[in-house]
Amino acid sequence: MSDIQLFRLTAGNAAELSGRAAVVEKQLQSLIESQMPTFLGVRFLASEYATGKTHKGRIDSLGLDENGCPVIVEYKRHSNENVINQGLFYLDWLLDHQAEFRWLVMEQLGREAADAIDWSGTRLLCIAADFTRYDQHAVQQIPRNIELLRYKLFAEDLLLLELVNAVSVGDVTVCKPVGEVGAAPKAVSKDKSFDEQYAVALPETRAVYDSLATHVLALGDDVTERRLKLYTAFRRLKNFASVVMYPNKMLVYLKLDPDSVSLEEGFSRDVRQIGHWGTGELELAVRTTADLEKAKPLIERSYSEG
């Protein structure tokens, strides 16, 4: 059970607010779907998505996250329901029906979003009032991107989402059993991947990135690092920092309002109107340990405010 307590402070007095689960699970599902970008950093695509006559299932919620990765969201209705196995069943179905999902994205979000789908980061989010220790142990044994989110409602207008457990794998499409219908061939990109850029970067640049990653991951137990094709994303429930590597520097993108920062030429700039990889509207150019020290307070702000 979650040990989080919420208090309302009024005129010097503190009153504890009692948490509760949704009366009907559909109530929670409707709430999450209506505000997916705010809650999860995911663009909503479909509710109760039918998986066909052969599969005979319905995916609770389908979406596309801010990194262009497909997302399945399943809601745990009862304490004895194995939502993780059910979600994995749908995850394998989705990886085998990429063309169908791509068409859905094209209809809802347009061709550009459909062309940019990153299947390697396909993930499953399970949302429930609580999880057992067996649930939390089970996800650690499965080579899939799985996140367990505990929710609690307070008063009439407060929702708590708590990341209980998260597992991240390099590329979910290579985890499929041999002989199973695989993913469609990946398009060849002329841009070097993050790992390729990291491999050819100067030793001092790699050292600065390693120090940055260590610092960011130490900000909280809820921080995860996700290596994507062209950048690395550090996130809680949503990205709060993205890093693009180059041979002699890295560009760090933060979810901070550039107007709230004193911009410094050569170090920080407003990229709201400039196309870039990663997510965030403030760009930091980090070349040295000194640059990283300047960047740390801004990274911490993005973590806490995001």
Side-chain angles (χ1 to χ4, degrees), residues 1-8 15-51 57-91 94 101 104-105 107-109 113 121-132 135-136 139 145-166 220 222 224 235-240 255 279 303-306:
M1 295 295 291
S2 174
D3 58 358
I4 289 178
Q5 296 173 287
L6 188 65
F7 297 87
R8 174 172 283 130
E16 184 176 356
L17 300 179
S18 298
R20 69 183 193 283
V23 177
V24 181
E25 212 67 41
K26 185 64 178 177
Q27 173 190 355
L28 173 69
Q29 182 176 345
S30 297
L31 174 62
I32 296 293
E33 288 178 347
S34 68
Q35 302 291 333
M36 266 195 176
T38 301
F39 292 145
L40 306 173
V42 173
R43 290 171 286 180
F44 173 71
L45 293 173
S47 180
E48 302 297 332
Y49 189 81
T51 57
R58 283 188 178 274
I59 297 172
D60 286 349
S61 304
L62 261 180
L64 191 72
D65 73 14
E66 56 197 328
N67 300 311
C69 301
V71 178
I72 290 173
V73 184
E74 289 291 312
Y75 308 88
K76 189 174 181 179
R77 293 168 173 80
H78 306 289
S79 60
N80 61 350
E81 184 179 358
N82 198 332
V83 70
I84 298 171
N85 280 351
Q86 181 176 308
L88 289 170
F89 189 54
Y90 292 142
L91 194 60
L94 184 62
F101 181 82
L104 175 65
V105 173
E107 287 183 324
Q108 299 292 327
L109 304 176
T122 302
R123 57 195 179 106
L124 167 66
L125 305 185
C126 300
I127 302 179
D130 204 10
F131 295 94
T132 68
D135 292 330
Q136 297 179 48
V139 299
N145 297 311
I146 307 173
E147 295 165 42
L148 304 184
L149 301 180
R150 182 187 288 127
Y151 83 91
K152 192 174 287 188
L153 297 167
F154 294 90
E156 299 301 319
D157 58 353
L158 297 174
L159 170 66
L160 170 72
L161 289 176
E162 177 189 6
L163 182 63
V164 176
N165 210 331
D222 56 350
T224 58
R235 53 190 173 91
R236 300 170 78 182
L237 295 184
K238 300 183 290 186
N239 293 0
F240 65 88
K255 286 191 175 177
T279 59
Y303 167 79
S304 61
E305 294 177 14

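No hydrogens, no waters, no symmetry mates; every other heavy atom, side chains included, goes into these values.
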List the steps and the verdict of salt bridge (charged side-chain N to carboxylate O under 4.0 Å, His left out) for Glu66 and Lys238.
-> CA-CA 8 Å; Glu66 56 197 328; Lys238 300 183 290 186; over 6 Å; no

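- Side-chain N or O atoms of Ser30 include none that pairs as donor or acceptor with a backbone N or O of Gln27 at under 3.5 Å.
- Closest of all the heavy-atom pairs between Asn165 and Gln136 is ND2-O, 3.1 Å.
- Of all the heavy atoms in Ala155 and Leu17, the pair that sits closest is CB-CD1, 4.5 Å.
- Within the 3.5 Å criterion, the main-chain N or O of Asn67 finds a donor-acceptor partner in the side chain of Asp65.
- Remark: side-chain polar atoms of Arg236 are not paired, donor with acceptor, to backbone N or O of Thr224 under 3.5 angstrom.
- Looking at every heavy atom in both residues, Gly68 comes nearest to Leu64 through O-CD1, 3.5 Å.
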Yes or no on side chain to side chain contact (heavy atoms under 4.5 Å, CB included) for Leu31 and Phe39, after CA distance, side-chain angles and deciding distance?
-> CA-CA 10 Å; Leu31 174 62; Phe39 292 145; 4.1 Å; yes

Please step through side chain to side chain contact (heavy atoms under 4.5 Å, CB included) for the pair Leu94 and Thr51, ending with a clear verdict.
-> CA-CA 9 Å; Leu94 184 62; Thr51 57; over 6 Å; no

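- Distance check, rounded to the nearest 0.5 Å: CG of Leu161 to CG of Leu159 gives 4.5 Å.
- In this structure the side chain of Leu91 never reaches within 4.5 angstrom of the side chain of Asn145, judged on heavy atoms.
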List the steps, then state whether side chain to side chain contact (heavy atoms under 4.5 Å, CB included) holds for Glu74 with Ile59.
-> CA-CA 7 Å; Glu74 289 291 312; Ile59 297 172; 3.8 Å; yes

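- No donor-acceptor pair under 3.5 Å is formed between the side chain of Asn239 and the backbone N or O of Thr279.
- Between the CG atom in Leu62 and the CZ atom in Arg43 there is a gap of 13.5 Å [rounded to 0.5 Å].
- The distance from the CD atom of Glu162 to the CG atom of Asp130 is 9.0 Å, given to the nearest 0.5 Å.
- Residues Glu147 and Leu40 have side chains not in contact (no heavy-atom distance under 4.5 Å, counting atoms from C-beta outward).
- Listed for the Arg58 side chain is a donor-acceptor partner under 3.5 Å among the backbone atoms of Glu48.
- A cation-pi contact, defined as under 6.0 Å to the ring centre and within 45° of the axis, is absent between Arg150 and Phe131.
- One distance of note links CD of Gln108 with CZ of Phe44; it measures 8.0 Å at 0.5 Å rounding.
- Under the 4.5 Å side-chain criterion, counting only non-hydrogen atoms from C-beta, Leu149 is not in contact with Val164.
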Do Tyr151 and Ile32 pass the side chain to side chain contact (heavy atoms under 4.5 Å, CB included) test, and can you show the C-alpha distance, the side-chain angles, and the key distance before you say yes or no?
-> CA-CA 11 Å; Tyr151 83 91; Ile32 296 293; over 6 Å; no

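- Residue Leu148 is tested with Val83, Leu163, Ile84 for a side chain to side chain contact (heavy atoms under 4.5 Å, CB included); the sole match is Ile84.
- Residues Gly121 and Cys69 approach most closely at O-CB, 3.5 Å, considering heavy atoms.
- Counting heavy atoms from C-beta on, the side chains of Ser47 and Lys26 come closer than 4.5 Å.
- Separating the CG atom in Asp135 from the CD1 atom in Ile146 is a distance of 10.5 Å, to the nearest 0.5 Å.
- Closest heavy-atom contact between Gly57 and Tyr90: CA-OH, 3.6 Å.
- When every heavy atom of Tyr303 is checked against every heavy atom of Gly220, the shortest pair comes out as OH-CA, 3.6 Å.
- In this structure, Gln29 and Ser61 have side chains that are in contact, with non-hydrogen atoms separated by less than 4.5 Å.
- The closest side-chain heavy-atom distance from Leu104 to Tyr49 is below 4.5 Å.
- Ile72 is listed as a side-chain neighbour of Leu124, based on a closest heavy-atom distance under 4.5 Å.
- Contact of the Met36 side chain with the Val73 side chain is registered, since non-hydrogen atoms from C-beta on lie closer than 4.5 Å.
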